[in-house]
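The sequence lines fix the lettering, A, B, ..., with proteins before strands; numbering per chain opens at 1. Only a predicted model underlies this, so the values are computations on that prediction, with no experimental measurement involved. The basis for the numbers below is simple: all heavy atoms, side chains too, and nothing from hydrogens, waters or symmetry mates.
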Amino acid sequence: MSITGIRGFNDILPEECAVWRRIEDEAVRVFTAFGFSEIRLPVVEKTELFLRSIGETTDIVEKQMYTFSDRHGESLALRPEGTAPLVRAYIEKRLYAASPATRLFYMGPMFRYERPQKGRYRQFHQIGAEVLGTESPMADAEALKMLETLFVSLGISGVEIEINSLGCPRCRPAYKEELKGFLADKTERLCDNCKGRIGKNPLRALDCKTPGCLTATHGAPAVSDFLCDACGGHFKGLRSALDMLGVAAKVNPRMVRGLDYYTRTTFEVTSGAGTLGAQNAIAAGGRYDGLVEELGGPATPCFGFAIGMERLALLVDRNRVEKRPLVLFLAMGDGAGEKGVEVAARLRDAGLRVVADYAEGSLKSRMKRADRMGAGYVIILGEDEIREGVLTVKDMTTGAQEKIAQDKIPALIKGRSQGAQA
RNA sequence: GUGGACGUAGCUCAACGGUCAGAGCACUGGACUGUGGCUCCGGUGGCUGGGGGUUCGAGUCCCCUCGUCCACCCCA
């Protein structure tokens with residue numbers, strides 16, 4: 001076998017790229033309308049950045065990061081997510097100085113060493129957006145509205161938004177203790193995984209789907225009952241803002257996220273569509289009010305989310321890919337090939353999408369190919385046309401054809417395809 | 001990291017341990033000298049993922065390995 005690609009690292013082929021392109025274009029359009037600006041960040045960062053942001057005991061850091069030493073022995077990592085690098089840049093480039101609230105979005109590859117499966121790959125792609133510098137629950141609500149707007153514009157339906165509040169460093173410890181107390185006499189029922197993390201992060205048990213953990217956590221106290229006044233008010237503000245914006249979100253008091261930096265609002269967007277396999281989360285995020293300060297910046301409350309590109313692509317309608325009509329230019333006979341590429345170039349200058357076909361073969365087989373390539377029009381340049389100083393244009397959908405002067409072709413094709421679309 | 005299913009032509013899949021591994025689609029040529037879609041006829045295309053073993057004989061059975069898929073775990 002010759003050299004193959006790496007497990008979990010996929011080639012995105014042209015057909016799939018058309019879908020991705022559509023998603024990306026739509027995301028740029030929607031996010032821009034909400035006042036977000038694009039930022040492009042490196043794919044590699046110092047390992048320490050992720051240790052300090054995501055949390056040293058999270059699965060991502062413990063077993064999913066691609067880390068390596070560079071030639072000077074410094075530990076670097078392929079980014080497993082986009083928020084930490086963005087916050088690093090925000091602090092390093094002092095973006096907070098420009099305006100009180102900064103809205104940024106990014107898209108690109110992320111890397112996690114996991115066992116690949118449907119909707120889960122070692123190199124995967126995210127589109128993310130972050131609002132930095134505002135504590136207002138309106139920011140959370142608007143970001144969710146933005147997400148919903150994107151999904152609608154992509155024709156995706158049947159998604160469910162779940163929200164929760166995890167509280168803040170002031171109120172969460174009390175809840176943690178309460179939960180630990182509740183689980184204390186039920187530890188035996190927890191799965192090994194949850195037994196291990198009960199000390200550090202007992203909240204994870206709420207999210208666990210193993211039967212034992214489900215029964216053990218049944219009737220457990222809810223975070224929402226332990227929120228401090230400020231967090232409770234924030235969560236209430238979020239819910240009423242969502243109502244106002246017409247965003248349907250369900251409160252799920254058991255939803256816990258896997259990254260340590262989340263505070264207050266967390267959310268997850270899932271789809272019931274079977275095409276997603278077991279990975280039903282297509283977007284998720286939340287508030288991380290302490291992260292910027294934690295990483296050495298000024299205290300800056302933030303909200304952000306990331307969308308899983310591969311998963312979203314599984315949900316978009318493949319049949320609706322925008323296409324300008326393709327014109328296939330066929331030249332036949334001595335010298336016609338050269339003349340052909342030149343005429344094709346002029347037609348492109350006039351705004352048409354033209355492929356010059358100078359392959360061998362009978363006209364019949366070349367017509368057949370043109371048809372299979374999806375050509376809307378075929379232009380033929382052969383001996384007859386050269387002699388008469390015209391080109392033959394055939395409309396492949398109607399089958400009609402006519403001989404016409406070269407400079408009249410763009411108008412003819414544009415006129416017809418516009419008429420056809422209307 | 002754990003468990004399961006599966007690797008045969010570019011794609012989807014056949015072939016009881018027994019001739020030369022087949023079919024459909026795709027590609028290509030022709031029937032139809034410069035006109036596509038339909039039909040018919042021909043052609044190209046395979047180290048049966050790789051390695052080892054059992055057997056007179058292996059695509060088929062056994063072991064190893066690589067890969068894919070599914071699930072757990074985790075997450076987007």
Side-chain angles (χ1 to χ4, degrees), chain A residues 1-10 13 54 58-64 80-83 107-128 147 191-194 196-197 204 207-211 213 255-259 267-271 274 276-286 304-315 328 330-333 336 357 359-387 392-401 403:
Chain A
M1 194 62 173
S2 48
I3 298 174
T4 59
I6 306 167
R7 169 171 224 189
F9 287 66
N10 299 129
L13 301 179
I54 298 171
T58 58
D59 281 24
I60 292 178
V61 166
E62 280 183 342
K63 45 192 194 190
Q64 299 180 347
E81 60 109 32
T83 299
M107 40 184 76
M110 307 294 162
F111 306 85
R112 288 181 203 172
Y113 191 92
E114 296 180 272
R115 191 89 169 249
Q117 167 184 344
K118 191 182 186 83
R120 189 176 82 182
Y121 308 101
R122 290 182 175 180
Q123 175 176 330
F124 61 103
H125 299 75
Q126 289 187 333
I127 300 177
L147 248 186
C191 67
D192 293 346
N193 226 323
C194 288
R197 56 196 177 196
R204 299 304 302 277
D207 211 24
C208 192
K209 288 142 224 143
T210 59
C213 294
M255 187 182 60
V256 177
R257 311 262 60 233
L259 283 62
F267 79 95
E268 207 170 277
V269 182
T270 56
S271 164
L276 278 179
Q279 317 304 321
N280 64 350
I282 53 183
F305 64 78
I307 305 168
M309 191 68 179
E310 284 83 355
R311 294 179 188 180
L312 189 56
L314 287 171
L315 297 177
L328 201 78
L330 299 178
M332 307 182 294
D357 171 34
E360 299 293 318
S362 65
L363 179 60
K364 182 186 177 63
S365 65
R366 294 170 72 183
M367 286 295 291
K368 202 177 211 167
R369 262 198 307 265
D371 185 42
R372 299 222 170 113
M373 281 172 70
Y377 295 86
V378 169
I379 299 177
I380 299 169
L381 173 64
E383 287 172 18
D384 297 353
E385 286 80 6
I386 289 176
R387 195 170 53 242
T392 294
V393 178
K394 176 161 185 168
D395 182 330
M396 295 296 275
T397 49
T398 64
Q401 70 179 54
K403 286 183 175 172

Quiz prompt | Nearest-angstrom distance, P atom, B:C20 to B:G57 | solution = 15 Å
pair_partner(B:U68), Watson-Crick or wobble, both distances < 3.5 Å, evaluates to B:A5
What nucleic acid atoms does A:R112 come within less than 4.0 Å of, heavy atoms only: base, sugar-phosphate, or nothing?
base
Ranking A:G285 and A:K63 by the position along RNA chain B of their nearest nucleotide, the one closer to 5' is A:K63
(message) Can you confirm whether the side chains of A:T392 and A:E385 place a donor and an acceptor under 3.5 Å from each other?
(response) yes
Requested in this report: List the steps, then state whether salt bridge (Lys or Arg N to Asp or Glu O under 4.0 Å) holds for A:D384 with A:R387.
Outcome: CA-CA 5 Å; A:D384 297 353; A:R387 195 170 53 242; 3.3 Å; yes
Taken to the nearest whole Å, CG/A:L147 to P/B:A76 is 13 Å
How would you label the contact of A:G119 with the nucleic acid (heavy atoms, under 4.0 Å): base, sugar-phosphate, or nothing?
-> base
Any sub-3.5 Å donor-acceptor pair from A:R122's side-chain atoms to A:F9's backbone N or O?
no
Could you run down the sub-3.5 Å N/O contacts of the protein with nucleotides 4-9 of chain B?
none

| said: What's the gap between B:A23 and B:A14 when it is taken at their P atoms, as a whole Å value? | reply: 16 Å
If I pick the P atom on B:G43 and the same atom on B:C25, what distance separates them, to the nearest angstrom? 15 Å
CD1 of A:I379 to CG of A:D357, rounded to nearest 0.5 Å, is 12.5 Å
Using atom P in both nucleotides, what's the gap between B:G67 and B:A76 to the nearest angstrom?
26 Å
Note to self: Please check this pair: side chain of A:R311 against backbone of A:I282, looking for a donor-acceptor N/O pair closer than 3.5 Å.
What the structure shows: no
- Side-chain N or O of A:Q117 less than 4.0 angstrom from OP1 or OP2 on B:C70? no
Output yes when at least one side-chain N/O atom of A:R120 is less than 4.0 Å from OP1 or OP2 of B:A71, else no.
no
- Message: Please report the distance separating the P of B:G1 from the corresponding atom of B:A58, rounded so that it comes out in whole Å.
- Response: 35 Å
To the nearest 0.5 Å, atom CD of A:E310 lies from atom CG of A:L314 at 8.5 Å
For B:G59 versus B:G22, give the span between their C1' atoms, rounded off to a whole number of Å. 12 Å
Under-3.5 Å N/O pairs linking protein and nucleotides 34-37 of chain B:
from: B:G34; atom 1: O6; to: A:E383; atom 2: N; distance (Å): 3.1
from: B:G34; atom 1: O6; to: A:D384; atom 2: N; distance (Å): 2.6
from: B:G34; atom 1: O6; to: A:D384; atom 2: OD1; distance (Å): 3.3
from: B:G34; atom 1: O6; to: A:D384; atom 2: OD2; distance (Å): 3.3
from: B:G34; atom 1: O6; to: A:E385; atom 2: OE1; distance (Å): 3.2
from: B:G34; atom 1: N1; to: A:E385; atom 2: OE1; distance (Å): 2.8
from: B:G34; atom 1: N1; to: A:E385; atom 2: OE2; distance (Å): 3.1
from: B:G34; atom 1: N2; to: A:E385; atom 2: OE2; distance (Å): 2.7
from: B:U35; atom 1: O2; to: A:K394; atom 2: NZ; distance (Å): 3.3
from: B:U35; atom 1: O2; to: A:Q401; atom 2: OE1; distance (Å): 3.3
from: B:U35; atom 1: N3; to: A:Q401; atom 2: OE1; distance (Å): 2.9
from: B:U35; atom 1: N3; to: A:Q401; atom 2: NE2; distance (Å): 3.3
from: B:U35; atom 1: O4; to: A:Q401; atom 2: NE2; distance (Å): 2.9
from: B:G36; atom 1: OP1; to: A:K364; atom 2: NZ; distance (Å): 3.1
from: B:G36; atom 1: O2'; to: A:D371; atom 2: OD2; distance (Å): 3.2
from: B:G36; atom 1: N7; to: A:K394; atom 2: NZ; distance (Å): 3.1
from: B:G36; atom 1: N1; to: A:M396; atom 2: O; distance (Å): 2.5
from: B:G36; atom 1: N2; to: A:D371; atom 2: OD1; distance (Å): 2.9
from: B:G36; atom 1: N2; to: A:M396; atom 2: O; distance (Å): 2.9
from: B:G36; atom 1: N3; to: A:D371; atom 2: OD1; distance (Å): 3.3
from: B:G37; atom 1: O4'; to: A:D371; atom 2: OD2; distance (Å): 3.1

A:D59 atom CG is separated from B:A76 atom C1', nearest whole Å, by 15 Å
Report task. Using the C1' atoms only, state how far B:C73 lies from B:G7, rounded to an integer number of Å. Result -> 26 Å
**Prompt:** With a 4.0 Å cut-off on heavy atoms, is A:A370 in touch with a base, just the backbone sugar-phosphate, or nothing at all?
**Reply:** nothing
Rounding to 0.5 Å, atoms CD1 (A:I54) and CD (A:Q64) come to a distance of 9.5 Å
To the nearest angstrom, the CZ-C1' distance between A:F305 and B:C75 comes to 17 Å
| Would you find a donor on one side and an acceptor on the other, under 3.5 Å apart, between the side chain of A:R257 and the backbone of A:G285? | no
From CZ of A:R122 across to P of B:A76 the rounded distance in Å is 18 Å
Nearest heavy-atom contact between A:P116 and A:G8 is CG-CA, 3.9 Å
Taken to the nearest whole Å, CD/A:E114 to C1'/B:U2 is 15 Å
Next item on the list: For B:C16 and B:U33, measure between their P atoms and round to the nearest Å.
Entry: 46 Å
In whole angstroms, the gap separating C1' of B:A76 from CZ of A:R257 amounts to 8 Å
Separation between CE (A:M396) and CD (A:Q401), nearest 0.5 Å, reads 10.0 Å
